[in-house]
Amino acid sequence: MPSQLSAYVSDPTPGRGALRPARSWLHSDAPSRSLNGDWRFRLSPTAPAAEDFAAEGFDDDGWDGIPVPSHWVLQGDGAHGRPIYTNIRYPFPIDPPHVPDENPTGDYRRHFDLPAEWTRAERVVLRFDGVESLFKVWVNGDEIGSASGSRLAHEFDVTSSLRPGDNLVAVRVHQWSAASYLEDQDQWWLPGIFRDVTLIARPAGGIEDVWLRTGFEDGRGRIDPEVTAEPAAFPVTLRIPELGVERVWHSPAQVAPFEVEGVRPWSAEVPRLYEVTVASAAETVTVRTGFRTVEIRGDRFLVNGRRVVFHGMNRHETHPERGRVFDEAHAREDLALMKRFNVNAIRTSHYPPHPRLLDLADELGFWVVLECDLETHGFDKDGAWTGNPSDDPAWREAYLDRVRRTVERDKNHPSVVMWSLGNEAGTGGNLAAMSAWVHARDAGRPVHYEGDHAGEYTDVYSRMYASVAETEQIGTDGSRAPLQGCTPSQGARQRTKPFLLCEYAHAMGNGPGALDQYEELVHRHPRLHGGFVWEWRDHGIRATAPDGTPYYAYGGDFGEVVHDGNFVMDGMVLSDGVPTPGLHEFKAVVQPLRFTFDGDGAGAGDSGGAVTVANLRHSADTSDLRFRWRVEHDGRPVDSGELKVPVLAAGGSARVPLPRIAVSGESEAWLTVDAVLATGTAWAAEGHVVATAQLDRSTRRAVPAVRLPADWRRSDGTLTLGIAEFAEGALVRLAGRAVAGPRLELFRAPTDNDEGTSGVAEESDAHVPGVSNAELWRRDGLDRLTSRLLSVETAANALRTVARVSAADSASSVTVETVWSLEGDQLELRVEIEPSGGWTTVWPRIGVRFDLPDGAAAVDGAEWFGLGPHESYPDSLRAARTGRFSAGVDDLRVDYARPQETGHRSRWRELELTSGGAGVLRLAAVPDVQGRLPGFTLSRHTPQQVARAAHPFELPRSATSHLFVDAAQHGLGSRACGPDVWPEFALRPQARTIRLRITAG
């Protein structure tokens, strides 16, 4: 027979007792008192049956102290348990609505003083903004009530249990409950009281709730007010001082819509807010409102009559030390960083954030898709969704309670332009009921839910991780290509709606690739409204290795029985807040200005030409921008100025003359145009680069022909050629430094996308469903190649070797011909790489490796002329610009949470290796016969060493630098949870040439 306690934690009922209806999170002058701070705390491994801890006379002297808000598993250095990470799987048996008896339970106690004047309040409310998972509240020993819904606000009426002076509040929090089945949201499970606790005095005649629905059309604003207050609270006055508006309503019946002249609209680009007060004699509520109209016309999603393109991020609440505990300064900087990288939208995955975050979104300007606190992904076993609560009537009230609390709390925010029912919860009647409730409550915002594939109860068509090809078919008028989960008629219906990718471009580790392909589709097919990258930030938790080295922990690092590894490290920003190269790529791809130069400019001499500048913004003109230009020869500045671009309205364009550019046959000439902020903003300083473009004005130069000696003869290969010394055909020294190589390298330390097995084939012949590319590379032995020298020959001032490279248990091989020769005062290296038949999969790279032991002075940096400054790969090049750059060896890599391929710089022309700031070796790349230039990577570790490490601190100490020169690299894709590399960027085995000229530094 189940115990009473077991029945309590397994009951899907969302709340009991003195729990009050949901309402807005309002800024009010009514008295309030924060109960944040130090609480007494006790953790039990199972839920205690006794509730004596809530009694006033209970002795808690032996308990620990714990800060509120916090997560108990992040306090006490493991004394209160450890975090658990899962993506889809539940960390407890799937036995809904039941949870295990082994249910960590935290008991909290806190004394507080109630001011005597609070006794005059009509009622006193105790508000919890976030508690994971199920909690029960007592005040002065009286049981008040209980609630669930971890990321939702709950208010309890505690009036009758309070007294002047000292009072006691006690809270019991269960980590697992029936509610946990609805909160399987690809995140850390972090129990505790993690958001604010507030005591609020509600005055007699106060304003219980306010909702200011707004609209905008032709310079006029519209307010449709809803005031929740007792009749005795009236008269109620609404004021907008900046607009000279004052409305007095003497009774609830008089509250009615009205228009306001001379307002400016709110948008994510021009987030114009007006301060509105709604006041009774007893209370004044302040709301910052923005005037905007959200609507769908046909297959267009519009705000203020203009189509919106979401350049968005999925944003979890995460901090490496505090977890989901809100810190306003951290959150403000988070959003400012988004703005600096041209992010204009947020999907609040997969729950409402702390309410203050939406205040910041209103102020800084974002389109927000606000998502309900709901996901049941763990029920999706082989697509069956067996036992899923989404279609079980016993769970309906829990679903409805969650969406009510989501909408009611945040309904006043102009940034919220769409409600989302949740994420990956299958489909069913409970979700349809949620949608019906939202439509009835708020006709001014559409409803989103990706799992409604057939479009039965949602207003927009949404998908996650659709391939580029499939996305194009969704946007193409007249297409009859099948849509996932749709019959032909359902597919036709979905194509009549606006389409968005609620998740795409899975940003796990090094990647994603193909961002520019998705963006191009948005401009060609107006039905496509962009989407939201998964996701904004890595969720690493700061930890310490056994040797004291700090690192960012992921799933499995805390001894979890069930976990999903580093799948929680999938952000455009690392756990420590450092933007990844993927975020730089995103910024370049979605930049709000497009530059189109007349022709391609190549070889155009010193004629100026022109550029067409198009303003792709939704609503902002370009009066906030200046346009700078500069000219560089081989990456060195020679001229600069300001481009005179007229102010362009949103959607406008202009053709602007370019300055005359001096060119030289001896160097490359590049023109760069930057659009920068003319003045500082709340999110960036004056001069911040918003958009950029480059034009190559170089005179094409002939590639020097290969000189082929005719007098080759067999040799022992021990000789000196200029600065190079060889022993038995192998390079041993360059410019007096020990060097080994070039060694064929076909392997790279697999990226998270290389290790991915996503089933989205992207029409790539490189793709084997269910098998990762990395697994195929290891199968083919690319990480364990061996070499057999076939011949060594010399000629006048030249050395040639031929080797066969292959792996154990493989008949496939690569023939490598290496030719060293003196060309004047330069040493030339030419490497011809020729694969045999029989290779059946893509290769990660085609390149060679040089090993440079430290010796007296380590190679510790590089200066180069080529693409930079960040790493770049074939399907992630838009953020790269041609110029001259320098970086230390450690700065050339990115510290991804799981070590992997990093640091590749594409299309270099000149490269100088440095030691202590001084040049030691100079290399010049000669294009191959197709004009292709190589890339380089300078690293302290080999790919094999990197591949063996699960965390950065596990990389071995190195006394050698490794220079990789790659003729080609495989693309990145986003196969960790999305499409594989597009065929154009998939590296099939092929013959390639690497040609370098080397001199001493």
Side-chain angles (χ1 to χ4, degrees), residues 18-34 114-115 117-129 152-159 162 196-215 221-258 260 273-291 352 355-356 358-359 362 404-414 416 441-442 444:
L19 188 61
R20 305 184 71 240
R23 65 187 183 115
S24 301
W25 193 82
L26 294 170
H27 298 270
S28 167
D29 65 356
S32 66
R33 179 178 177 183
S34 172
L114 187 74
E117 60 270 21
W118 279 38
T119 58
R120 297 193 294 271
E122 182 177 62
R123 72 181 68 89
V124 178
V125 172
L126 181 60
R127 182 182 181 97
F128 293 85
D129 282 308
L152 304 168
H154 298 89
E155 291 183 338
F156 297 89
D157 189 337
V158 296
T159 311
L162 293 173
D196 305 297
V197 182
T198 310
L199 202 66
I200 304 167
R202 300 295 308 129
I207 307 293
E208 184 65 16
D209 201 0
V210 170
W211 185 8
L212 302 180
R213 300 176 179 90
T214 65
R222 179 178 174 83
I223 295 180
D224 184 357
E226 179 182 291
V227 178
T228 304
E230 294 294 328
F234 287 81
V236 169
T237 303
L238 179 147
R239 293 185 178 89
I240 312 177
E242 189 176 353
L243 297 173
V245 172
E246 180 171 316
R247 291 282 171 130
V248 180
W249 300 305
H250 293 278
S251 69
Q254 292 184 346
V255 179
F258 62 95
V260 184
L273 294 171
Y274 294 91
E275 187 169 288
V276 184
T277 60
V278 179
S280 68
E283 181 180 14
T284 298
V285 169
T286 303
V287 178
R288 291 193 306 175
T289 196
F291 292 91
R356 272 293 289 157
L358 297 173
D359 286 343
D362 293 342
R404 282 194 294 260
R405 293 187 179 279
T406 297
V407 171
E408 296 294 356
R409 194 196 74 171
D410 298 325
K411 56 186 179 283
N412 280 297
H413 291 283
V416 176
R441 181 67 174 128
D442 183 11

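Quick caveat: nothing in here was measured; it's all calculated off a predicted structure.
The aromatic rings of F291 and Y274 stand perpendicular to each other, their planes meeting at an angle above 60°, with 30° marking the opposite boundary.
Of the inter-residue distances, the one linking I223 atom CD1 with R247 atom CZ reads 9.0 Å to the nearest 0.5 angstrom. The NE2 atom of H27 lies 8.5 Å from the OG1 atom of T286; values are rounded to the nearest 0.5 Å. The structure places CG of L19 at 11.0 Å from CG of L126, a figure rounded to the nearest 0.5 Å.
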* Asked: What's the verdict on salt bridge (Lys or Arg N to Asp or Glu O under 4.0 Å) for E246 and R239, showing C-alpha distance, side-chain angles and the deciding distance?
  -> CA-CA 4 Å; E246 180 171 316; R239 293 185 178 89; 3.2 Å; yes
* To do: Give the C-alpha distance, both sets of side-chain angles, the deciding distance and a yes or no for side chain to side chain contact (heavy atoms under 4.5 Å, CB included) between W211 and N412.
  => CA-CA 6 Å; W211 185 8; N412 280 297; 3.6 Å; yes
* **Worked check of side chain to side chain contact (heavy atoms under 4.5 Å, CB included) between R404 and R441** => CA-CA 9 Å; R404 282 194 294 260; R441 181 67 174 128; over 6 Å; no
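Proximity of L273 to P414: side-chain heavy atoms (C-beta onward) are separated by under 4.5 Å at one or more points. Residues L162 and W118 are not in side-chain contact: their nearest non-hydrogen atoms beyond the backbone lie 4.5 Å or more apart. A 4.5 Å side-chain heavy-atom check between P352 and L152 finds at least one atom pair inside the cut-off. Using a 4.5 Å heavy-atom threshold, the side chains of V278 and V287 count as separate. Side-chain contact between L238 and V255 is absent, with no heavy-atom pair separated by less than 4.5 Å. Within the 4.5 Å cutoff, no side-chain heavy atoms of V245 are placed close to those of V276. D442 has its side chain out of reach of K411: every pair of non-hydrogen atoms, C-beta onward, lies at least 4.5 Å apart.
Applying the salt bridge (charged side-chain N to carboxylate O under 4.0 Å, His left out) test to every pair with at least one member in residues 273-283, sequence neighbours left out, gives these pairs: R202-E283.
In summary, E155 and R127 engage in a salt bridge, as defined by a charged side-chain N under 4.0 Å from a carboxylate O.
With a 6.0 Å radius and a threshold of 12 heavy atoms from other residues, nucleotides or ligands, E226 has its CD atom above the threshold.
R356 is linked by a salt bridge (charged side-chain N to carboxylate O under 4.0 Å, His left out) to E328, D359, counting only residues two or more places apart in sequence or in another chain.
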